[in-house]
Structures are given as structure tokens and as C-alpha cells.
Protein chains: 2
Amino acid sequence: MNRKRITSIDVAQYAGVSTSAVSRTYSAPGKVSASTRARVLAAADALGYRPNQLARALVNSGRQGSGIVAVVMGEFDNPFQPWMFGLLTQALQQQGRVPMLVHVTEQCDIRARLQQALSWQVEAAIISAGSLSQEATERCLELALPMVLMGREDKRETVTAVLSDNRMAGELAAEYLGTQGLTQLAYIGGRQDGQASLERLAGFRSGLIQRGLSAPVVMENRDYAYHSGYQAMSRLLREHPDIEGVFCACDALAFGALDALRLNGGQVCQVVGCDDTPQAAWEGYRLTTVRQPVEQLVAQTIHHLKQVLDGNSPTGTTVRMTPTLIVR
Amino acid sequence: MNRKRITSIDVAQYAGVSTSAVSRTYSAPGKVSASTRARVLAAADALGYRPNQLARALVNSGRQGSGIVAVVMGEFDNPFQPWMFGLLTQALQQQGRVPMLVHVTEQCDIRARLQQALSWQVEAAIISAGSLSQEATERCLELALPMVLMGREDKRETVTAVLSDNRMAGELAAEYLGTQGLTQLAYIGGRQDGQASLERLAGFRSGLIQRGLSAPVVMENRDYAYHSGYQAMSRLLREHPDIEGVFCACDALAFGALDALRLNGGQVCQVVGCDDTPQAAWEGYRLTTVRQPVEQLVAQTIHHLKQVLDGNSPTGTTVRMTPTLIVR
DNA sequence: TTGAAAGCGGTACCAT
DNA sequence: ATGGTACCGCTTTCAA
């Protein structure tokens with residue numbers, strides 16, 4: 001605790017320039033002569049100076065923006081979310097922005113959490129709406145804040161949204177299962193108000209019908225969790241023992257389904273997931289699944305976030321990324 | 001964009017008091033008369049005022065601390081980490097502090113990341129050292145910052161550490177496997193420089209020897225990942241086909257081991273994990289495992305963080321929490 | 001280009 | 001208990 005904190009004043013003194021010069025060196029390198037900048041950097045280096053982001057954010061929160069971006073996300077126990085969060089975090093940090101996680105749980109007061117984030121002057125929000133309830137998403141959209149919606153689209157609002165082409169995901173699954181010559185098919189859905197789940201079902205159903213197959217048996221669920229998949233599959237085996245193939249709204253559900261299958265007598269039934277989380281590649285599962293292009297989703301989200309912040313986002317743009325079938 | 005930002009000045013005017021009164025209402029409620037506070041709160045409510053945390057943190061970063069706590073963490077793909085992160089986040093937020101994730105990956109420059117965090121004036125750090133390499137942990141310890149180490153102990157430094165009693169974890173595993181009457185046992189370790197892994201092995205070994213059993217075959221690994229567990233187990237089955245029981249340094253490894261077992265001919269072999277991540281309860285695994293009391297670890301960490309911040313942490317305190325065997 | 005000075009939104013010490 | 005005011009560390013007009 002002996003070393004005092006180095007400020008731009010110290011650097012200015014040491015370099016024999018004004019604090020303005022120091023400031024400009026960091027935030028507007030073009031507006032200082034090369035010589036001044038060199039001296040400042042030398043001084044900073046000698047003194048071990050790093051600009052105070054807090055002060056910077058405070059003053060910038062009016063003009064440029066604080067650099068803090070809220071990431072609103074739930075279902076942290078579904079591997080998909082932490083995975084995406086990790087990627088978003090890295091991407092944001094590379095831009096000099098800093099993510100602030102707003103962790104939404106079932107029994108938490110979203111409004112309060114959001115207000116808390118706002119009081120840190122977040123300049124924008126990335127809403128991982130796929131992991132949120134309809135209602136939670138609603139609360140987020142109320143925020144008068146630049147934002148990008150991920151994994152869910154909202155037609156009424158003029159919000160930029162980035163998500164996978166979920167219909168196509170369903171169609172890919174239908175095509176795959178159809179090509180295998182399977183005819184008795186089912187769909188294990190996720191959360192009722194989950195747009196992704198509904199869209200995937202729609203795609204799946206229409207894909208089947210296009211192939212002259214009958215519509216799938218549909219199992220509803222309350223969430224996207226493993227246990228739901230397990231139970232749904234168990235029930236399916238009981239109620240529709242002739243089932244030959246199942247498409248699940250997400251990988252976690254598929255893992256549950258696979259295990260139910262395995263434990264309930266090893267009946268032959270093809271399971272297809274959706275997401276392609278790292279776990280899908282586990283030797284124990286080797287899950288055939290429809291891959292969401294997560295890296296691309298993240299890249300697009302970051303890109304559009306910039307657009308929105310620069311005021312370049314026309315009307316409610318929606319970007320849909322193309323999923324791919326991963327056969328394992 | 002039409003609504004101007006409300007500041008304490010606005011509230012003060014509206015309430016007919018000074019900004020000091022407003023400030024006190026929020027940060028030292030004891031130092032304002034009930035009546036004043038009431039008026040301020042009413043005004044704040046009417047105007048929709050929320051104190052600007054950025055400004056607050058800036059000025060407090062000298063005295064009280066900014067309220068920002070760095071959480072340094074790696075291996076986000078091991079379910080254990082996100083799980084803990086979620087809990088830490090919630091606990092911190094309840095205290096009015098805000099977590100700032102420093103996501104450490106293999107190929108990232110830790111020093112740079114840490115400096116970045118420091119420039120936000122984080123007032124303390126929670127180092128999830130169990131998920132970090134020895135070297136990364138070293139870099140963290142260099143920080144002249146109040147901190148709590150999780151999942152690793154450092155005797156040289158006078159750092160407060162919170163972790164599980166890993167030796168006991170190993171002993172519990174030994175006891176369990178021994179009681180089953182198994183004699184040919186092995187250990188599947190995690191990262192080489194992983195203290196937890198080594199301690200668990202030590203406890204496991206001594207537990208076995210105490211029971212008159214021979215020391216375990218030890219399989220080394222480079223990380224705590226599923227695939228490592230899978231490969232280790234596969235090798236084990238090849239090289240030591242008579243193996244009867246395996247203790248793994250963490251659940252992820254155990255999942256890999258279980259799957260290797262399942263796929264390589266279904267040889268009978270008891271697998272015990274360590275952590276008790278939510279996944280261990282999956283029907284497909286039903287993993288018997290040594291549970292880390294994560295909630296307690298988090299609670300203790302938060303508690304000691306406060307101590308450290310208040311300057312009440314004597315010498316390098318080390319808190320070891322008791323693990324429990326979960327039989328499935 | 002460069003420096004002086006006025007903030008950004010609060011907090012805390014100082015009298016009153 | 002209350003208000004006045006200097007100040008936290010940086011950015012940004014505004015003149016020079």
C-alpha cells in the first residue's frame with residue numbers, strides 16, 4: 001500500500017506537458033505531435049501509468065458512452081449460455097469495452113437488476129433473449145438503451161436482432177431423419193414461450209410434411225434442461241413405443257433424451273439435437289445435431305452493436321445466420 | 001433520447017435541500033433526519049433518480065473502494081466454473097458490489113487482462129485459482145490488491161485462501177472404494193500443476209494405504225477436461241485391465257472415464273468423481289462423487305473478502321471446507 | 001499543436 | 001443535522 005496512485009497529472013509533470021496532452025495521447029492520438037506523444041508515453045512507462053477507466057467512463061458517459069455493455073443472460077446451467085458468454089466477453093474486451101453480466105434467475109427481480117446495471121451507465125445491452133422468458137425479454141425491451149437481441153426476434157419493436165435461422169434448423173433435422181428412412185418422428189420442445197423452440201418445430205414439421213411424412217408428435221416442456229429431455233423421452237417411449245426419431249429443441253434436451261433411451265431398454269431411436277455445444281462431441285454422446293454458428297452470431301452481434309451505437313441501424317434489422325447439420 | 005439524465009442536483013432542487021443531503025440519504029442514511037430523507041426519497045422517486053455508480057465509484061475508489069471486484073477465472077468450459085461464477089456474481093451483487101470477469105484463456109495475455117481490470121480500479125480480486133495454471137496464479141498474486149484465493153493455497157504469500165479439504169476428498173473416495181471391497185484402484189489426475197489434483201491424490205493414496213491397499217495407478221493429464229478423462233480411462237483399460245475402481249480429480253474427468261468404460265466393452269469398474277456438479281446427478285451418469293460445498297465456499301470467500309477489505313485478515317488465513325461423499 | 005479551465009456526478013470535510 | 005465547497009481523474013471546449 002506504499003505506492004501512491006499515478007494520475008495523468010503526475011505523468012504531465014514528469015513529461016513537462018499539460019494533462020490535456022496526456023489525455024489526448026490516449027484518446028485522440030491524432031491530436032498531439034509525435035514528439036509530445038513520445039514524451040508522454042515515455043513518462044507513462046517510467047511511472048507505470050494507466051488511465052483511470054472509471055474517470056474516463058464517467059466523463060464519456062455523456063458523449064461517447066461509458067464503454068460498459070450489459071449482457072443479460074439466464075440459464076447459466078445450460079452449457080450453451082456460459083459458452084456464449086465467454087465468447088461475448090472476449091469479443092467485447094477486444095474492443096476496449098467491458099461486459100457487465102446481468103444474471104437473470106427465475107426468482108430474481110429483473111427490473112431491479114436492470115436498474116442496477118443502468119446506474120453503472122451501461123451504454124448498451126446485449127440481450128441473450130433465447131435464455132430469457134418472454135416476460136423477462138419484455139422488461140429488457142422497455143429499456144431506452146441501444147441494444148441487440150440475440151436468439152429471439154421482436155417484430156413490434158424496432159430492435160436489431162441476431163439469431164439463427166431456426167426454421168431451417170428444423171428443416172435440416174427433418175431432412176436428415178427423413179433421409180434415414182424414418183417415419184415415426186417426434187419433437188421435444190423447450191420452454192413454451194421460447195421462440196427458438198417454436199420456430200424449430202415449425203421448420204421440422206413443414207420439412208416432414210414436404211417429404212410426405214406425417215407431422216411429429218410434440219412433447220412440450222417448461223425449460224431447455226436435461227431432465228426435461230429425459231422425462232419427455234421416457235414418456236414418449238411409453239406413449240409412442242413405435243417412435244423412430246426425435247428432434248430436440250436443444251442439445252441439453254437431446255442429452256436427456258439419449259440417456260432416457262439408453263436406460264429404458266436401448267430401443268433404437270435416432271436423436272438429433274440443436275446447438276452443437278462442445279458436449280455434443282463427447283464420445284459418450286456423439287450427438288448428431290444442428291449447429292448454431294455461435295462464433296458468427298457473436299461476431300454479428302458485436303458488429304451490429306457498433307452500428308446501433310453509431311446510430312446506423314435503420315429499422316429493426318434482423319440477421320439470421322445459417323445453421324448446419326453435424327452428423328455424428 | 002429526449003429525457004435528460006437526472007442528477008443529484010435535480011433531486012436536491014426538487015426537494016429543496018442540498019446535494020449533500022441527497023448524497024447522505026443514499027450513502028449514510030444515519031446522518032440525515034428522517035424528514036429530510038423522506039423528502040429526498042420522494043423527490044428521487046418523482047424524478048426517477050438513481051445515483052450514478054460511476055461517479056460514486058470514482059470518488060470512492062480512494063477511500064471506501066470502487067465496489068468493483070475482479071473475478072479471475074479460466075476453464076469456462078468445465079461446468080464447475082460457470083456454476084461458481086454464477087453464485088459468486090449473485091453473492092457480490094447482493095452486497096452492492098459488482099463482479100468484473102477476467103476470463104483467462106490459454107492464449108491470452110494474463111498480465112494485460114489484469115492491468116485492464118486494474119484500470120477500472122477494482123478494489124479486490126477473487127482468484128478462482130483452481131481453474132488457473134500455476135503461472136497464471138503467480139501473475140495474480142503479484143497484484144498488490146486485496147484478494148481471496150479459491151481452490152488453491154499459497155503458503156509463501158500471506159494470502160487468504162478458501163478451498164475444500166482436498167486430502168479429505170481423496171480419503172473419502174478411498175474409504176468408499178475400499179468399503180466396496182475393491183483392491184485394484186487408480187487415480188485419474190487433472191492438470192499437472194493443479195494443487196487440488198495433487199492433494200486429492202495424496203489423500204486418496206494415504207487412505208488406501210491406511211486400509212492396507214496398494215497405492216493407486218496414477219494417470220496424469222494436462223487438464224481437467226472430459227476428453228482427458230476419456231483417454232486416461234481408455235489407456236487404463238488397456239494397460240491395467242484388472243482395474244476395479246477409479247477416483248477422478250473432477251467430475252468432468254469422471255464423465256469421460258465413465259463413457260470410456262461404457263464404450264470399451266462395459267467392463268465393471270467403479271468410478272468416483274469430485275465436485276458434484278449438477279451434471280453428476282444426470283440420469284445418464286448418476287455419478288458417485290465427492291461433493292465440494294460450493295455454496296459454503298462462495299459464502300466463505302465473500303466473507304473473507306470483506307475481512308480483507310476491512311483489513312481484518314491477520315496472516316495468510318486458509319479456510320478449508322469439508323467435502324462429503326455423495327453416493328449414487 | 002498546446003495549455004487553462006470548466007465540467008462529469010458524487011462524496012466528505014468544513015463550518016454553521 | 002445541514003449546506004458550501006474542494007476534489008476524485010479524465011475529457012473537452014476555448015484561446016493563445
Side-chain angles (χ1 to χ4, degrees), chain A residues 3-41 43-44 47-68 96 118-123, chain B residues 3-41 43-44 47-68 96 118-123:
Chain A
R3 234 166 63 165
K4 222 202 75 182
R5 188 165 278 161
I6 311 293
T7 76
S8 67
I9 302 184
D10 302 315
V11 178
Q13 275 178 339
Y14 190 99
V17 297
S18 71
T19 58
S20 316
V22 178
S23 174
R24 289 197 265 258
T25 302
Y26 290 96
S27 33
K31 293 189 170 179
V32 262
S33 66
S35 64
T36 313
R37 188 175 49 218
R39 311 192 51 186
V40 170
L41 289 176
L47 268 42
Y49 167 76
R50 306 232 60 181
N52 183 328
Q53 296 289 50
L54 234 39
R56 195 178 246 219
L58 172 58
V59 59
N60 282 344
S61 60
R63 278 192 72 59
Q64 331 225 27
S66 63
I68 306 179
L118 281 184
S119 68
W120 280 95
Q121 316 302 114
V122 300
E123 63 172 321
Chain B
R3 232 165 65 164
K4 220 201 75 179
R5 187 167 277 162
I6 311 294
T7 76
S8 66
I9 302 182
D10 302 315
V11 178
Q13 275 178 339
Y14 189 100
V17 297
S18 71
T19 58
S20 316
V22 178
S23 174
R24 290 193 190 98
T25 302
Y26 290 96
S27 35
K31 293 188 169 179
V32 262
S33 65
S35 65
T36 313
R37 188 176 48 221
R39 310 192 53 188
V40 170
L41 290 176
L47 268 42
Y49 167 76
R50 307 233 58 185
N52 183 329
Q53 294 292 52
L54 235 38
R56 197 178 245 218
L58 173 59
V59 61
N60 282 344
S61 60
R63 277 193 70 63
Q64 331 225 23
S66 63
I68 307 180
L118 281 184
S119 67
W120 280 95
Q121 315 303 111
V122 300
E123 62 171 322

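To find a chain, count down the sequence lines: A is the first, B the second, and so on, and within it residues start at 1.
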| said: Under 4.0 Å, heavy atom to any atom of DNA chain C: which of residues 31-40 of chain B qualify? | reply: none

| message | Please give me every residue in residues 14-28 of chain B whose heavy atoms get under 4.0 Å of an atom in DNA chain C, ordered by residue number. | response |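 Under 4.0 Å from DNA chain C: B/S20, B/S23, B/R24, B/S27.
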
For nucleotides 7-9 of chain D, which of its nitrogen or oxygen atoms have a protein nitrogen or oxygen under 3.5 Å away, and what is each distance?
none

| message | Enumerate the side-chain hydrogen bond (donor to acceptor under 3.5 Å, both in side chains) contacts for residues 25-35 of chain A, please, sequence neighbours excluded, ordered by first and then second residue. | response |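 Listed once each, the pairs are A/S33-A/S35, A/S33-A/T36.
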
| said: Using modelled atom types and a 3.5 Å cut-off, is there a donor and acceptor pairing between side-chain atoms of B/S8 and backbone atoms of B/V22? | reply: no

| field | Sidechain-backbone polar pair: A/R39 side chain, A/A15 backbone, donor-acceptor under 3.5 Å | value |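 Between the backbone of A/A15 and the side chain of A/R39 there is a qualifying donor-acceptor contact (under 3.5 Å).
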
| said: Rounding to 10°, can you tell me the angle the first-five-pair axis of the helix from C/dT1-D/dA16 to C/dT16-D/dA1 makes with its last-five-pair axis? | reply: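 The value is 40°.
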
Do [X] and [Y] have side chains that approach each other closer than 4.5 Å (heavy atoms only, starting at C-beta)?
{"X": "B/V11", "Y": "B/V40", "result": "yes"}
{"X": "A/T7", "Y": "A/T19", "result": "no"}
{"X": "B/R5", "Y": "A/S61", "result": "yes"}

| Looking only at side-chain N and O atoms, does A/Q53 come under 4.0 Å of OP1 or OP2 in D/dC10? | no

| request: List in chain and number order the residues that pass side chain to side chain contact (heavy atoms under 4.5 Å, CB included) with A/Y14, two or more places apart in sequence or in another chain; answer none if no residue qualifies. | output: A/A43, A/A46, A/L47

| task | Start with the C-alpha distance between B/V32 and B/V17, add both sets of side-chain angles, then the distance that settles side chain to side chain contact (heavy atoms under 4.5 Å, CB included), and finish with yes or no. | result | CA-CA 11 Å; B/V32 262; B/V17 297; over 6 Å; no

| query | Just how far is it from atom CG of B/L54 to atom CD of A/Q53, taken to the nearest 0.5 Å? | reply |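 If I round to the nearest 0.5 Å, the distance is 10.5 Å.
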
| query | Rounded to the nearest 0.5 Å, how far apart are CD of A/Q64 and CD of A/E123? | reply | 9.5 Å

| Where is the tightest heavy-atom contact between A/I6 and A/G48, given as atom of each residue plus distance? |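 Smallest interatomic distance, heavy atoms only, reads CG1-O, 4.3 Å.
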
| request: Search all heavy atoms of A/A57 against all heavy atoms of A/S66 and return the closest pair with its distance. | output: CB-O, 3.6 Å

